[in-house]
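Order of listing sets the numbers, starting from 1, for every ligand and every atom in it.
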Amino acid sequence: MLKRLFDRNLRTGGGRRKGYEPMARAEFERLPGHVAIIMDGNGRWAKKKGLGVAQGHRRGTEALREIIRHTSDLGIGVLSIYAFSTENWSRSPEEVAALMQLVLDFFASEIDELEARNVRIRILGDKGGLPAAQREVLLQAEARTEGNTGLQLNIALNYGGRNELTRAAREIARDVAAGELSPEAITEQTVAAHLYTRGQPDVDLLIRTSGEMRLSNFLLWQCAYAEFLFPRTLWPDFDVRCYDEALSAYGSRERRFGGRLG
Ligand code: FPP
């Protein structure tokens with residue numbers, strides 16, 4: 001698959017980013033059903049350019065727009081992106097404010113296109129802990145796209161994996177205390193049904209950019225069997241070509257696994 005990507009880039013102009021033609025679904029032998037992305041490296045990208053961190057996040061949002069479009073074009077079922085963790089509140093008030101503003105800006109500029117693309121939005125995380133304006137916009141986006149049947153876009157905001165599991169445990173305990181569920185009847189499906197991602201498949205491929213190799217409390221349960229990729233590219237530079245490379249690498253990993261079995 002990587003060879004095919006290489007040959008293809010020779011045809012499309014030697015891989016010059018501007019001339020890069022995104023791969024089509026038929027060019028992949030196997031695509032993941034659920035991709036999760038930790039968009040890391042905005043701060044380092046900004047520092048390298050002599051810009052403030054807010055600029056890095058802004059450019060990161062532009063990169064995100066292209067990745068969502070391509071995921072939707074490829075017909076991948078679910079894309080989960082880590083936009084703001086429960087730990088991110090410890091950043092400076094200026095950076096937190098810049099990220100919260102980006103949430104508003106993102107939905108103001110993207111919601112029409114997302115709707116037109118039949119994308120369904122779900123927020124993973126505690127919306128109640130977000131400022132009222134952001135909460136309102138997120139609730140509206142979820143309600144407006146609820147009936148859509150295309151790409152399921154999960155945006156993790158004020159999200160933490162341990163928090164999600166703790167919340168699930170609390171809900172299940174309530175059902176047990178109310179006599180609606182016996183402890184013996186609790187299965188892995190019961191837990192999965194109390195997560196923000198209920199009804200969705202597990203993560204097949206997790207990508208974390210910038211070379212950092214940590215899960216950072218993202219989708220702990222859902223990543224149990226995920227393939228992990230850690231490209232060194234900083235998130236604002238992670239374009240459709242980088243994404244195609246990652247998706248191709250995922251395909252070849254699966255083929256090697258099949259080979260060992262055979
Ligand atoms: C990590 O980079 C990135 C974040 C904490 C935020 C990511 C958010 C966006 C790209 C935009 C927000 C999304 C929406 C939907 C509006 P970092 O700052 O930790 O990078 P560094 O490790 O280089 O400092």
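Of the N or O atoms in Arg44, one or more lie within a sub-3.5 Å distance of an N or O in ligand 1. Of the N or O atoms in Asp40, one or more lie within a sub-3.5 Å distance of an N or O in ligand 1. For a threshold of 3.5 Å applied to N or O pairs, the pair formed by Asn42 and ligand 1 contains at least one separation below that value. By the 3.5 Å distance cut-off applied to N or O atoms, Gly41 is counted among the residues near ligand 1.
For Glu62, the CD atom sits in a packed shell: over 12 heavy atoms of surrounding residues, nucleotides or ligands are nearer than 6.0 Å.
Under the 3.5 Å distance criterion, the side-chain polar atoms of Asn118 are left unmatched by any main-chain donor or acceptor of Asn148. Within the 3.5 Å criterion, the main-chain N or O of Leu79 finds no donor-acceptor partner in the side chain of Gln152. Proximity of a side-chain donor or acceptor of Arg198 to a complementary backbone N or O of Leu195 within less than 3.5 Å is detected. Remark: side-chain polar atoms of Asn88 are paired, donor with acceptor, to backbone N or O of Ser85 under 3.5 angstrom. Under a 3.5 Å cut-off, the side chain of Tyr159 and the backbone N or O of Ile123 do not form any donor-acceptor pair.
Of the candidates Asn88, Leu153, Ile121, Asn88 brings a heavy atom nearest to atom 5 (C) of ligand 1. In this comparison of His57, Arg208, Lys48, the heavy atom closest to atom 4 (C) of ligand 1 sits on His57. Taking each of Ala63, Gly43, Ala83 in turn, the one with a heavy atom nearest to atom 13 (C) of ligand 1 proves to be Ala83.
Atom 11 (C) of ligand 1 has its closest protein heavy atom at Thr61 OG1, 3.2 Å. Closest protein heavy atom to atom 3 (C) of ligand 1: Met39 O, 3.1 Å.
Side-chain contact check for Ser216 and Arg208: at least one donor-acceptor pair (N or O, by modelled atom type) lies under 3.5 Å.
Distances below 4.0 Å separate heavy atoms of Leu102 from the following atoms of ligand 1: 16 (C). Short contacts between ligand 1 and Val103, defined as distances under 4.0 Å to a heavy atom of the residue, involve ligand atoms 16 (C).
At a heavy-atom distance under 4.0 Å, only side-chain atoms of Arg91, from C-beta outward, approach ligand 1. Looking at Leu157 against ligand 1, nothing comes within 4.0 Å, counting heavy atoms.
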Leu206 vs Phe218, test: side-chain contact (heavy atoms from CB on, under 4.5 Å). Steps then yes/no.
CA-CA 10 Å; Leu206 176 113; Phe218 191 40; 4.0 Å; yes

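Inter-residue side-chain proximity for Ile186 and Val176 is flagged as met; some heavy-atom pair is nearer than 4.5 Å.
Ligand 1 does not have Arg58 within reach: every non-hydrogen atom of the residue lies 4.0 Å or more from it.
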